[in-house]
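So that the names make sense, note that chain A is the first sequence line, chain B the second, and so on, each numbered from 1.
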There are 2 protein chains.
Amino acid sequence: MHANVKQNVVPLITPGFKVACSQCNLRELCLPFGLSDSDMDRLDNLIGCGRKLKRGQHLYRAGAPFEFIYAVKSGFFKTDVLTEDGRDQVTGFQMAGEILGMDGISTEIHTCNAVALEDSEVCLIPFTELEMLSSEIRTLQHHLHKVMSREIVRDHGVMMLLGTMRAEERLAAFLLNLSQRFTARGYSPTEFHLRMTREEIGSYLGLKLETVSRAFSRFQDDGLISVQQKHIRIMDILRIKALLAPPDGRIG
Amino acid sequence: MHANVKQNVVPLITPGFKVACSQCNLRELCLPFGLSDSDMDRLDNLIGCGRKLKRGQHLYRAGAPFEFIYAVKSGFFKTDVLTEDGRDQVTGFQMAGEILGMDGISTEIHTCNAVALEDSEVCLIPFTELEMLSSEIRTLQHHLHKVMSREIVRDHGVMMLLGTMRAEERLAAFLLNLSQRFTARGYSPTEFHLRMTREEIGSYLGLKLETVSRAFSRFQDDGLISVQQKHIRIMDILRIKALLAPPDGRIG
DNA sequence: AAAGCGGGTTGACACAGATCAAAAGGGTAC
DNA sequence: GTACCCTTTTGATCTGTGTCAACCCGCTTT
């Protein structure tokens, strides 16, 4: 009931497959951004191979030694932290082109779990070697720093959300964020499939699953979206945006 | 009343002063950690000079072009983000040896404000040059990555706090965190002076200032701490820690 | 095709924390 | 040294979200 134990009894590692940044249609979103062809070859060389995960499988777990960072090639992930007393906080959802695993750099031990929310593929990027290569390729080095910084900025946004917003504002921000990221990947900005449960959304947004469900229903009643289980259709994105910037509102 | 406008009408930049990592008693906490003497000299060279700030002065503001990251040499800072509709979220408090400004790397524009909460001194580290140097000094490069990763992990902790904890748990976590950081700097683990207001603590913890005040009072009534305005004395750290790990509690 | 079950919705009620209000304390500026 | 204002404390009340519970829907499994 509670700790929501996903039983991946058999943590099968699907055999690696060859990947190549230069052939990847995500290269503009991902680490190789801005690299010359020859530099991209060197990065390809380093990355070597990928890994496939089934829905529910862990990419890594809190406590596991850090060795790689991962680029999501396809699929959808969540990351979460949990404390000894059983609290569980989803810290993010990652989609194609996004980087996972940077939490492990500081202590060489991962501090969160990364779980595939659907069948997924990632590229394995050995971090020590990435550091070596990035000290030779300025563009790569700088881009790595940007990726890490972007994660910090994103986290600040989540803090803002958790610290100052009310339930419906949080959900609105969540939907707009997903919409924008799907758009950047060439998918519909207004129609998409949620890969996560209401409980996972709630954990991310600091709400209980019932509150998430009620907010979805209310949005639907108000004609902002249409919800059918995990299928979302955004009907009135302007009014959703307006939820986040109340004309005047509670300030003062 | 509301937006709490600190009027630094005259953003005087106090003239720079020479700094040297090799002479700094914070070097074990700061960027130069683990560097050889000669490498530290090169870092010294790059850093050049520092900057003094009066209480209330901004080190940088959201929207300002990014050029430096900053190491706190002495004093105390807060960082906060604010949205166009006036929401304000404190994202962190920084003390000696900690690094500020990494939010600016990703877009070359700072996304948050950094304000001195007491008279303070920082070292200015030009980021482009730091990248150049770090591509030559493996230890420095790796340590920079660790510092950024540590920030990400810290942010996850704040998300956990904001997403799952109740008011008194948040305050307990906050006090323990401060205590631990003061300890690491050679100050008393049990007695310290808060540099920030109840409102700033509240913003950081996602609570209203009245709630923070009440929680302090309750801790005092329960004999956990003694509070006198901004002066805090921790009386029973074990019971404060116990607040964070309820023996069983609300799970399930 | 049926059964079982995890995930989702909805309702009733409880409560933690927000809000509103007032007063006191202490630090700062003059 | 004094006055003022910001900060803090405390009380009373309100409300958004959590909690508990029941039911339903639609997969997945067999």
Side-chain angles (χ1 to χ4, degrees), chain A residues 1-7 54-56 78 87-88 117-119 161-172 193-203 205-221 225-232 243 246 249-252, chain B residues 1-7 9 54-56 78 87 117-119 161-172 193-203 205-221 225-232 243 246 249-252:
Chain A
M1 174 192 275
H2 55 115
N4 189 15
V5 182
K6 306 263 178 182
Q7 61 278 43
K54 286 286 182 193
R55 178 155 70 95
K78 72 166 179 183
R87 277 180 236 270
D88 185 5
L117 295 181
E118 63 181 14
D119 295 358
L161 181 147
L162 292 171
T164 75
M165 293 187 187
R166 302 190 304 101
E168 295 188 2
E169 295 169 336
R170 296 184 197 194
L171 191 63
H193 188 79
L194 297 174
R195 273 72 172 186
M196 68 296 279
T197 65
R198 301 290 189 262
E199 185 171 19
E200 287 162 338
I201 296 172
S203 172
L205 299 179
L207 303 169
K208 293 294 161 185
L209 67 94
E210 294 95 332
T211 305
V212 174
S213 177
R214 276 185 245 271
F216 270 130
S217 299
R218 183 138 218 285
F219 282 1
Q220 178 159 254
D221 292 348
I225 62 174
S226 141
V227 201
Q228 210 159 6
Q229 300 290 123
K230 291 194 156 70
H231 186 87
I232 301 285
L243 280 180
R250 85 193 53 66
I251 317 130
Chain B
M1 174 192 275
H2 56 117
N4 191 16
V5 182
K6 305 265 182 183
Q7 61 278 44
V9 183
K54 286 286 181 192
R55 180 157 68 94
K78 73 167 178 182
R87 277 180 235 271
L117 295 181
E118 63 181 14
D119 295 358
L161 180 147
L162 292 171
T164 75
M165 293 187 185
R166 302 189 307 100
E168 295 188 2
E169 295 169 336
R170 296 183 197 194
L171 191 64
H193 188 81
L194 297 175
R195 274 72 171 187
M196 68 296 281
T197 66
R198 301 288 189 264
E199 185 171 19
E200 287 162 338
I201 296 171
S203 173
L205 299 179
L207 302 170
K208 293 294 160 186
L209 67 94
E210 295 94 329
T211 306
V212 174
S213 178
R214 277 185 243 271
F216 270 129
S217 299
R218 182 139 218 284
F219 282 2
Q220 179 160 252
D221 293 348
I225 62 175
S226 141
V227 202
Q228 209 159 7
Q229 300 290 123
K230 292 195 155 69
H231 186 87
I232 300 285
L243 280 181
R250 84 194 53 65
I251 317 131

Touch class at under 4.0 angstrom, heavy-atom based, for A:Ser213 against every strand present: base
Sugar-phosphate only, base, or nothing, as touched by A:Gly202 at under 4.0 Å among non-hydrogen atoms: nothing
Interatomic distance where NE2 belongs to B:His193 and C1' belongs to D:dT8 [whole Å]: 14 Å
Side-chain donor or acceptor of A:Arg198 paired with backbone N/O of A:Thr211 under 3.5 Å: no
NE2-NZ distance between B:His193 and B:Lys230, expressed to the nearest 0.5 angstrom: 6.5 Å
Rounded distance (Å) that lies between atom P of D:dG16 and atom CE of A:Met165: 17 Å
Nucleotide D:dT7, atom P - distance to CZ of B:Phe216 in whole Å: 15 Å
Nucleotide nearest A:Thr197 when distance is taken to its side chain, options C:dT9, D:dT9, C:dG7: C:dG7
Any B:Lys230 side-chain N or O less than 4.0 Å from OP1/OP2 of D:dT8: yes
Polar side-chain contact A:Glu210-D:dC20 base: donor and acceptor under 3.5 Å: yes
Nearest-angstrom distance from the residue atom CD of B:Gln228 to P of D:dT9: 10 Å
Closest listed nucleotide, where the reference is the side chain of A:Lys208 and the choices are D:dT8, C:dA18, D:dG18: D:dG18
Salt-bridge criterion met for B:Asp119 and B:Lys54 (N-O under 4.0 Å): yes
B:Arg198 CZ - D:dT10 P separation (whole Å): 10 Å
Of B:Arg195, B:Lys78, B:Arg55, the residue whose pairing with B:Glu118 passes salt bridge (charged side-chain N to carboxylate O under 4.0 Å, His left out): B:Arg195
Touch class at under 4.0 angstrom, heavy-atom based, for B:Leu209 against every strand present: base
Separation of D:dC24 C1' from A:Gln229 CD (nearest whole Å): 10 Å
Base D:dG11 to side chain B:Arg214, donor-acceptor N/O within 3.5 Å cut-off: yes
Backbone N/O of B:Ser213 and side chain of B:Ser217: donor-acceptor pair under 3.5 Å: yes
Whole-Å gap separating C1' (C:dG17) and CG (B:Leu162): 15 Å
Presence of donor-acceptor pair under 3.5 Å, side chain of B:Arg218 and base of D:dT10: no
Distance, rounded to the nearest Å, where A:Glu169 contributes CD and C:dA18 contributes C1': 14 Å
